[in-house]
Q: 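I'd like to ask you about the structure that follows.
Being a predicted model, the structure only gives us computed values, none of them experimental.
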Amino acid sequence: MLPPQRIAGRERRAFHWRSASPWTTCVRVACCSRLRFMWFALMVLTVLCVALQMLGVVRQARSAKVLKIVSEQLVRMPPEIHRPIKHNDWENLWSVSAAIAEEPADQHPFIQRRDESENPRSEERSEDVLEDKIKKLTSTTKAAPPIEANKLWLGQEFPNQPQRPAFPRRAPEIKITPYSDDNKYTVKSQVDNTVTCQPKNHVVFLKTHKTASSTILNILYRYGESHNLTFALPLNMHSQLFYPAFFAAHFVEGVRTRSVKEFHILCNHMRFSSQEVRKVMPKDTFYFSILRNPVAMMESLFVYYKAIPAFRAVKSLEDFLIQGGRSYNASLPNNHYARNILTFDFGLDNTAPENDTELDRRSAEVIAAIERDFPLILISEYFDESLVLLKHALCWTLDDVSSFRLNSRSERSRRPLSAETTERVKEWNSLDWRLYQHFNNTFWKRIYSTLGRAKLQQEVELLRAKRRNLEQMCLQEGGAVDPAQVQDSSLKPFQYGAAVIQGYNLRLELNNDTRQLCQRLITPELQYTSALYTKQFPQLVAARATAAKKIAASRNTATHRAVKRNIETNVHTAMPNNTSHNNTNKAIVDEHSLHILAYSVVHNERQNNFDVTRHYKEIKRNSHKHTARKHFINSNIHKEPQEPGLLR
């Protein structure tokens with residue numbers, strides 16, 4: 001039993017609960033239980049969090065409204081107030097913008113409703129009020145260059161088709177010129193005609209085959225060399241990045257040794273691999289490539305790569321296509337040149353689809369993959385227009401993209417194709433044909449959306465005029481010549497297959513600076529790559545030269561010993577056993593003469609064969625008394641000049 005005191009206390013509390021008001025009872029019940037108190041506290045915290053979130057949303061909406069007004073004001077300000085804004089100016093600008101945001105909507109010239117029934121005088125008055133506020137803000141500002149629209153305050157960007165109301169009467173007109181597909185624009189003012197965009201120095205060019213890509217390569221080489229940029233050159237002075245293997249990061253000189261901290265331009269032949277290329281190049285790299293009509297490209301490939309297994313057994317391209325590519329075997333080396341070479345170069349499967357349904361699916365996959373990695377694809381048939389588009393995409397100048405045609409064939413090595421052969425080429429290279437059709441259409445869409453026909457034609461004419469001036473200034477014949485007519489052997493282009501690759505001759509009266517400029521314009525790909533490698537890695541080149549000299553010296557020593565051992569063996573074999581003492585002495589003299597001759601031949605590698613034969617004939621006349629020795633000398637006369645490999 002409970003003590004009487006505790007029983008009395010419980011009765012008093014029960015009476016107190018029954019006599020209290022209902023809301024007090026609920027509060028006390030909720031608070032007296034620990035579990036109920038925890039739930040109550042959690043509910044209070046939840047309500048507070050929701051309230052804070054709503055308050056933040058309201059403030060953010062108000063700030064966004066103010067910032068939008070600020071950005072519109074800045075775009076419409078006169079050029080003299082576009083300057084870096086200091087901390088105090090930001091405070092003033094924010095106060096003015098906040099005041100504008102608090103005004104009624106129908107009094108703000110940028111957000112008011114355009115209604116014909118409104119009073120025009122009230123509109124003019126509101127514009128004057130806004131002008132006065134901006135004048136107060138910018139009374140101490142100075143002139144500064146125009147700003148880029150894609151770098152407006154707090155990341156405000158223009159839409160695809162900007163349509164903005166005009167600024168009040170005294171504001172200059174601002175022209176917005178798009179230069180790429182990613183909605184980035186440059187702002188150009190009538191007061192200042194300079195375009196403010198940053199030239200792109202991180203560039204990847206996928207060099208495709210027989211598409212005028214050697215000329216693009218020369219443009220990139222000259223730009224990088226003049227701006228002291230670093231090239232991602234092939235390992236061990238190779239001319240290609242181990243094509244046709246898929247590109248790997250360690251194919252680039254300086255990657256494994258980490259001797260190069262940053263690469264700017266990657267443009268040599270490779271089979272594209274997106275993941276590996278991104279291991280070498282920075283994130284802001286610009287990717288582009290070039291395509292050519294597969295019909296004309298197939299004719300060029302057949303002439304240039306006539307020695308590959310697919311083309312070796314046929315006489316003409318027509319025979320190859322009539323036979324249905326019977327000699328084509330994808331598993332044989334170098335046969336990838338014979339079918340869908342563009343698809344292959346982009347690192348994709350160039351196997352021909354079996355039917356139209358498969359062709360549609362595969363071509364769509366190929367196009368999507370290329371569009372994902374390459375924002376710009378040039379077209380070889382419209383080369384000048386492509387250079388103008390490239391100039392705008394990279395924010396370069398016309399001088400940067402001016403060039404001569406390199407690695408081009410002579411007209412006498414070209415032959416037109418019939419309409420029937422043309423259709424067969426399209427069917428044989430079905431993936432490349434779909435690829436070319438798609439990017440040919442997007443090429444012109446991009447030009448019309450960024451430049452327009454009139455602007456394009458104007459810049460193409462300027463580019464061609466620059467090229468004509470360079471030809472008159474640099475070249476002897478005013479154009480390309482056959483390789484046999486190239487006077488400087490160091491500037492002769494590499495000849496391969498049945499193609500006749502043309503070169504150039506420089507004028508003789510050029511000064512040093514002009515000659516250096518002109519020589520860069522006509523330097524073939526292999527020579528230019530080697531020169532850049534020597535400039536970029538001088539220590540590696542010196543080490544390779546030293547190693548090459550040691551190897552050549554060891555080979556010369558081994559060759560000398562082999563020739564000496566051969567001569568001694570032949571002399572002892574040819575000596576008859578029944579010779580007189582006199583003839584023996586002559587044989588010793590003649591043998592000594594042969595040794596001297598062998599030494600002279602070994603140490604003078606470039607001696608003319610006529611001189612060697614003359615020396616042997618003199619020895620032959622001196623040893624006419626011994627028949628066996630005559631036979632030995634005659635045999636050596638015919639043997640030695642026919643084996644120049646041993647002497648080298």
Side-chain angles (χ1 to χ4, degrees), residues 201-225 229-283 285-292 297 301 304-305 308 333-337 340-350 369-370 372-374 376-378 406-407 493-494 496 523-537 540-541 544:
N201 290 335
H202 294 141
V203 178
V204 168
F205 170 57
L206 180 61
K207 190 175 186 297
T208 51
H209 289 81
K210 316 311 296 178
T211 58
S213 59
S214 295
T215 306
I216 302 290
L217 184 78
N218 181 267
I219 291 173
L220 296 174
Y221 274 173
R222 287 187 288 110
Y223 181 85
E225 187 179 13
L229 303 181
T230 304
F231 292 91
L233 297 174
L235 192 69
N236 296 330
M237 294 189 71
H238 283 273
S239 61
Q240 300 180 353
L241 291 161
F242 296 89
Y243 183 90
F246 277 103
F247 174 81
H250 62 269
F251 290 169
V252 176
E253 189 71 76
V255 170
R256 280 185 172 177
T257 60
R258 298 182 181 179
S259 59
V260 180
K261 296 182 180 179
E262 180 185 14
F263 293 101
H264 295 93
I265 298 178
L266 174 63
C267 55
N268 294 91
H269 270 305
M270 65 174 168
R271 190 177 185 195
F272 186 72
S273 175
S274 178
Q275 295 180 352
E276 292 294 319
V277 171
R278 280 168 172 76
K279 292 180 182 179
V280 178
M281 302 302 295
K283 292 183 179 179
T285 300
F286 183 81
Y287 293 76
F288 76 101
S289 186
I290 186 170
L291 303 181
R292 184 183 180 185
M297 186 175 62
L301 288 168
Y304 200 80
Y305 297 105
I308 67 175
N334 295 326
N335 270 359
H336 62 276
Y337 292 107
N340 292 321
I341 179 63
L342 292 175
T343 306
F344 183 89
D345 287 347
F346 279 97
L348 306 170
D349 183 12
N350 66 329
I370 295 175
R372 181 181 63 248
D373 294 325
F374 293 87
L376 176 62
I377 298 294
L378 308 180
L406 295 179
N407 202 32
F494 178 68
Y496 189 81
T523 302
E525 174 184 346
L526 298 182
Q527 290 90 317
Y528 214 147
T529 304
S530 178
L532 290 176
Y533 189 96
T534 304
K535 180 180 179 181
Q536 195 163 306
F537 304 102
L540 292 179
V541 173
R544 288 175 62 89

Q: Test Gln536 against Thr230 for side-chain contact (heavy atoms from CB on, under 4.5 Å), laying out the working first.
A: CA-CA 8 Å; Gln536 195 163 306; Thr230 304; 3.4 Å; yes
Q: Nearest 0.5 angstrom please: Leu540 CG to Asn236 CG, how far?
A: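 Rounded to the nearest 0.5 Å, the CG-CG separation comes out at 8.5 Å.
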Q: So, the side chain of Arg292 versus the backbone of Ala212: is there a donor-acceptor pair under 3.5 Å, distance only?
A: no
Q: State, with a plain yes or no, whether a side-chain heavy atom of Glu525 is found less than 4.5 Å away from one of His269.
A: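 Counting from C-beta outward, Glu525 and His269 do come under 4.5 Å.
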Q: So do Asn407 and Phe494 actually touch side chain to side chain, heavy atoms under 4.5 Å?
A: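 SC-SC contact between Phe494 and Asn407 ruled out.
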Q: Search all heavy atoms of Val252 against all heavy atoms of Leu235 and return the closest pair with its distance.
A: O-CD1, 4.3 Å
Q: How far does CG of Leu217 sit from CG of Asn268, to the nearest 0.5 angstrom?
A: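 Leu217 atom CG to Asn268 atom CG measures 6.0 Å (nearest 0.5 Å).
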Q: Can you name the nearest heavy-atom pair linking Leu241 to Pro234, along with the distance?
A: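 Between these two residues, the closest heavy atoms are CD2-CA, 3.5 Å.
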Q: Which heavy-atom pair separates Ile265 from Cys267 by the least distance, and what is that distance?
A: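 Looking at all heavy atoms of both residues, the shortest contact is CG2-SG, 3.9 Å.
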Q: Are the side chains of Val277 and Asp373 in contact, using a 4.5 Å heavy-atom criterion?
A: no
Q: Can you tell me how the ring of His238 sits relative to the ring of Phe242, calling it parallel under 30°, perpendicular over 60° and tilted otherwise?
A: tilted
Q: Please examine the side chains of Glu225 and Tyr528, heavy atoms only from C-beta on, and report whether any two atoms are closer than 4.5 Å.
A: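 Tyr528 reaches Glu225 side chain to side chain.
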Q: Drop me the distance from Thr211's OG1 to Leu378's CG, to the nearest 0.5 angstrom.
A: 9.5 Å
Q: Could you tell me which non-hydrogen atom of Ala249 sits nearest to which non-hydrogen atom of Val255, and how far apart they are?
A: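 Closest pair (atom of Ala249, atom of Val255, distance): O-CG2, 3.4 Å.
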Q: Let me know which of Val260, Thr529, Leu532 forms a side chain to side chain contact (heavy atoms under 4.5 Å, CB included) with Phe231.
A: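 Passing option: Leu532.
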Q: So Glu276 and Lys279, salt bridge (Lys or Arg N to Asp or Glu O under 4.0 Å) or not? Walk me through it.
A: CA-CA 5 Å; Glu276 292 294 319; Lys279 292 180 182 179; 2.9 Å; yes
Q: Check whether any side-chain heavy atom of Gln275 lies under 4.5 Å from a side-chain heavy atom of Phe246, and answer yes or no.
A: no
Q: Which word best sums up how the rings of Phe374 and Phe346 line up, parallel for under 30°, tilted for 30 to 60°, or perpendicular for over 60°?
A: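 Rings of Phe374 and Phe346: perpendicular, over 60°.
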Q: Which is it for Met297 and Leu342 under the side-chain contact (heavy atoms from CB on, under 4.5 Å) test, yes or no, and what are the steps along the way?
A: CA-CA 10 Å; Met297 186 175 62; Leu342 292 175; 3.5 Å; yes
Q: Measuring from atom CD1 of Ile370 to atom CG of Leu291, what distance do you get when rounded to the nearest 0.5 angstrom?
A: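 Answer for the CD1-CG pair, Ile370 versus Leu291, is 7.0 Å.
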Q: Contact between Val204 and Met270 at the side-chain level, heavy atoms closer than 4.5 Å - yes or no?
A: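 Side chain of Val204 against side chain of Met270, heavy atoms only: contact under 4.5 Å found.
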Q: Please report the interatomic distance CG(Leu206) to CD1(Ile377), rounded to the nearest 0.5 Å.
A: 8.0 Å
Q: Compare every heavy atom of Arg271 with every heavy atom of Tyr243, then report the nearest pair and how far apart it is.
A: CD1-N, 3.7 Å
Q: Mark yes or no for whether Ser530, through its side chain, and Leu526, through its backbone, hold a donor-acceptor pair below 3.5 Å.
A: no
Q: Would you say Phe286 and Leu376 make side-chain contact, with heavy atoms under 4.5 Å?
A: yes
Q: Are Phe205 and Phe288 near enough that their ring centres are under 6.0 Å apart?
A: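 When the ring centroids of Phe205 and Phe288 are compared, they turn out to be within the sub-6.0 Å range.
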Q: Using 0.5 Å steps for rounding, measure from the CZ atom of Phe247 to the CG atom of Leu266.
A: 5.0 Å
Q: Are the aromatic ring centres of Tyr223 and His264 under 6.0 angstrom apart?
A: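 No, ring centres 6.0 Å or more apart.
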Q: Show the numbers, then the answer: is there a ring-ring contact (aromatic ring centres under 6.0 Å, His included) between Tyr304 and Tyr337?
A: CA-CA 10 Å; Tyr304 200 80; Tyr337 292 107; 8.7 Å; no
Q: Check side-chain hydrogen bond (donor to acceptor under 3.5 Å, both in side chains) between Glu253 and all other residues, then give those that pass, not counting sequence neighbours.
A: Tyr533
Q: Is the shortest heavy-atom distance from the side chain of Ser214 to the side chain of Lys207 under 4.5 Å?
A: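 Heavy-atom side-chain distance check passes, below 4.5 Å.
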Q: Do the side-chain N and O atoms of His209 and Asp345 include a donor-acceptor pair separated by under 3.5 angstrom?
A: yes
Q: Please assess Ile341 against Asn350 for the test side-chain contact (heavy atoms from CB on, under 4.5 Å), listing each intermediate value before the final yes or no.
A: CA-CA 7 Å; Ile341 179 63; Asn350 66 329; over 6 Å; no
Q: side-chain contact (heavy atoms from CB on, under 4.5 Å), that's the test. Do Met237 and Phe537 meet it? Break it down for me.
A: CA-CA 10 Å; Met237 294 189 71; Phe537 304 102; over 6 Å; no
Q: Closest approach of Asp349 and Thr343, non-hydrogen atoms and distance?
A: O-CG2, 3.5 Å
Q: Restricting to side chain to side chain contact (heavy atoms under 4.5 Å, CB included), what partner residues turn up for Ala369, sequence neighbours left out?
A: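 Per chain and number, Ala369 pairs via side chain to side chain contact (heavy atoms under 4.5 Å, CB included) with Leu348, Arg372.
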